[in-house]
Amino acid sequence: EKIQKIEGVSPIDIIHVLYYGGCSRLKTKETNAKWICDIRSGATKNTVLYNIWKKIEKKETKSFDQIFYIDSSIAQTEKYKIIPLGVNTQLFKPQQRKKRASPHVLVYSGSLAKPRKINTLIEMMKILQEYPVKLKIIGEGDDRRRLESYTDKLKLKDRIDFTGYIKYQQVPQQLSLSHIGLSYVPKTPAFEKQPPLKALEYLASGLPVIATNTNGNKLYVKDNNNG
């Protein structure tokens, strides 16, 4: 109804839809506009849900005039265009860092949802406990309390800092206080192909990156070059 009201005042040429389950129902509205479906990500909770999600996505996108994907590796249809992942370089840019011998700060920026398996980073810090490094975890999610409890259990509270939710505009400042960005994602089908935005934000901020060996990460992080 809103689309029809707007078009009654001024003709609409293009309707750009960020993909969500059920978005194809919008396409039934009467309009002369071209419909674009923009798919930035997919289900990441588990392999079963991921496969179901992809089947639904493939079926739904058939009704759109054009499909945008961030990379051809995650495309589910033959009619698509690539609109690659981007980063706001006005916000994320190299900053001068104060030189200090230690500790070096590793930073992870992203969701703390259970499927992300952030406990792996905590276990990493247990392995690195003899080295002068700290871990900063930026973000919020349903797994945060468990992760904080796990940190206490491993006696790493003084080595790991959970910042919680930080406004997007303030994330670059936190990155400027860090030394190495962690573009960590689990090695699962849901994360294998999708490029993580965090990798681009780290690189744009001038940070070297340590990344999981996934096809998505390898699009931007090059071994012995920038990570």
Side-chain angles (χ1 to χ4, degrees), residues 38-45 47 50 68-75 80-97 99 103-113 115-128 131-139 141 143 147 159-163 166 168-227:
D38 193 346
I39 302 173
R40 302 282 93 188
S41 64
T44 57
K45 290 190 176 180
T47 302
Y50 172 78
F68 290 167
Y69 284 100
I70 57 175
D71 187 75
S72 59
S73 63
I74 65 172
Y80 67 87
K81 289 187 178 180
I82 299 300
I83 306 297
L85 200 62
V87 61
N88 186 343
T89 54
Q90 296 299 311
L91 276 177
F92 296 88
K93 51 189 175 183
Q95 303 285 342
Q96 187 171 3
R97 293 174 174 79
K99 292 183 178 180
H104 278 71
V105 179
L106 311 178
V107 62
Y108 169 87
S109 176
S111 170
L112 303 189
R116 300 275 175 170
K117 300 182 180 180
I118 306 303
N119 55 285
T120 301
L121 297 182
I122 296 173
E123 291 159 4
M124 172 196 73
M125 290 301 294
K126 185 68 174 178
I127 296 172
L128 297 176
Y131 296 88
V133 294
K134 287 191 173 185
L135 172 62
K136 181 191 301 182
I137 298 178
I138 302 172
D143 206 26
L147 293 170
R159 306 285 300 277
I160 300 176
D161 176 27
F162 290 85
T163 69
I166 291 180
Y168 187 67
Q169 292 80 1
Q170 297 173 350
V171 173
Q173 181 182 6
Q174 291 294 324
L175 297 186
S176 72
L177 300 173
S178 307
H179 297 87
I180 298 174
L182 302 178
S183 186
Y184 164 75
V185 291
K187 283 284 288 183
T188 62
F191 292 100
E192 178 62 37
K193 296 180 180 179
Q194 185 165 311
L197 177 59
K198 61 176 67 65
L200 282 183
E201 292 174 342
Y202 298 151
L203 293 172
S205 301
L207 290 176
V209 179
I210 297 176
T212 310
N213 188 26
T214 62
N215 289 329
N217 265 321
K218 286 190 287 188
L219 288 173
Y220 302 106
V221 182
K222 307 301 179 184
D223 194 25
N224 292 322
N225 183 357
N226 56 14

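Between atom CG of residue L203 and atom CG of residue L175 there is a gap of 11.0 Å, rounded to the nearest 0.5 Å. Taking CG from L121 and CE from M125, the interatomic distance works out to 9.5 Å, rounded to the nearest 0.5 Å. Taking CD from Q169 and CG from N88, the interatomic distance works out to 9.0 Å, rounded to the nearest 0.5 Å. Interatomic distance, S183 OG to L207 CG, rounded to the nearest 0.5 Å: 11.5 Å.
Heavy atoms from other residues, nucleotides or ligands lying under 6.0 Å from NZ of K81 number 12 at most. The number of heavy-atom neighbours closer than 6.0 Å to CD of Q170, taken from other residues, nucleotides and ligands shown, is above 12.
Minimum interatomic distance between N217 and T212 (heavy atoms only, all atoms of both residues): ND2-O, 3.1 Å. Closest heavy-atom contact between K93 and T89: CB-O, 3.8 Å. Taking each heavy atom of D71 and I82 in turn, the nearest pair found is C-CD1, 3.5 Å. Pairing each heavy atom of A199 with each of V221, the nearest pair is CB-CG2, 4.2 Å. Residues D143 and A113 share a closest heavy-atom pair of CB-C, 4.0 Å. The shortest heavy-atom contact between V171 and S109 is CG1-OG, 4.1 Å.
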With side-chain contact (heavy atoms from CB on, under 4.5 Å) as the test, would you mind laying out the steps for Q194 and T214 before giving the verdict?
-> CA-CA 9 Å; Q194 185 165 311; T214 62; over 6 Å; no

CA sep, side-chain torsions, deciding dist, call: K134, H104, side-chain contact (heavy atoms from CB on, under 4.5 Å) | CA-CA 6 Å; K134 287 191 173 185; H104 278 71; over 6 Å; no

May I have the step-by-step check of side-chain contact (heavy atoms from CB on, under 4.5 Å) for L106 and M124, ending in yes or no?
-> CA-CA 11 Å; L106 311 178; M124 172 196 73; 3.8 Å; yes

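For the side chain to side chain contact (heavy atoms under 4.5 Å, CB included) test, residues two or more places apart in sequence or in another chain that qualify with L197 are L85, E201. Shown here are the side-chain hydrogen bond (donor to acceptor under 3.5 Å, both in side chains) partners of Y69, two or more places apart in sequence or in another chain: E57. Qualifying ring-ring contact (aromatic ring centres under 6.0 Å, His included) partners for F92, counting only residues two or more places apart in sequence or in other chains: Y168. With sequence neighbours excluded, the residues forming a side-chain hydrogen bond (donor to acceptor under 3.5 Å, both in side chains) with Q174 are K136, listed by chain and number. Under the side chain to side chain contact (heavy atoms under 4.5 Å, CB included) criterion, D38 pairs with H16, L18, R40, F68, not counting sequence neighbours. Take P186 and apply the side chain to side chain contact (heavy atoms under 4.5 Å, CB included) test, not counting sequence neighbours, and it matches K117, Y184, T188, F191.
When each of I210, I118, V107 is paired with L182, the side-chain contact (heavy atoms from CB on, under 4.5 Å) condition holds for I210 and for no other. Each of I160, T163, D161 was checked for a side-chain contact (heavy atoms from CB on, under 4.5 Å) with I137, and the lone residue meeting it is I160.
With hydrogens and angles disregarded, a donor-acceptor distance shorter than 3.5 Å links the side chain of H179 to the backbone of V105. The main-chain N or O of Y108 is never found under 3.5 Å from a side-chain atom of K198 such that the two would form a donor-acceptor pair. Under a 3.5 Å cut-off, the side chain of R159 and the backbone N or O of L135 do not form any donor-acceptor pair.
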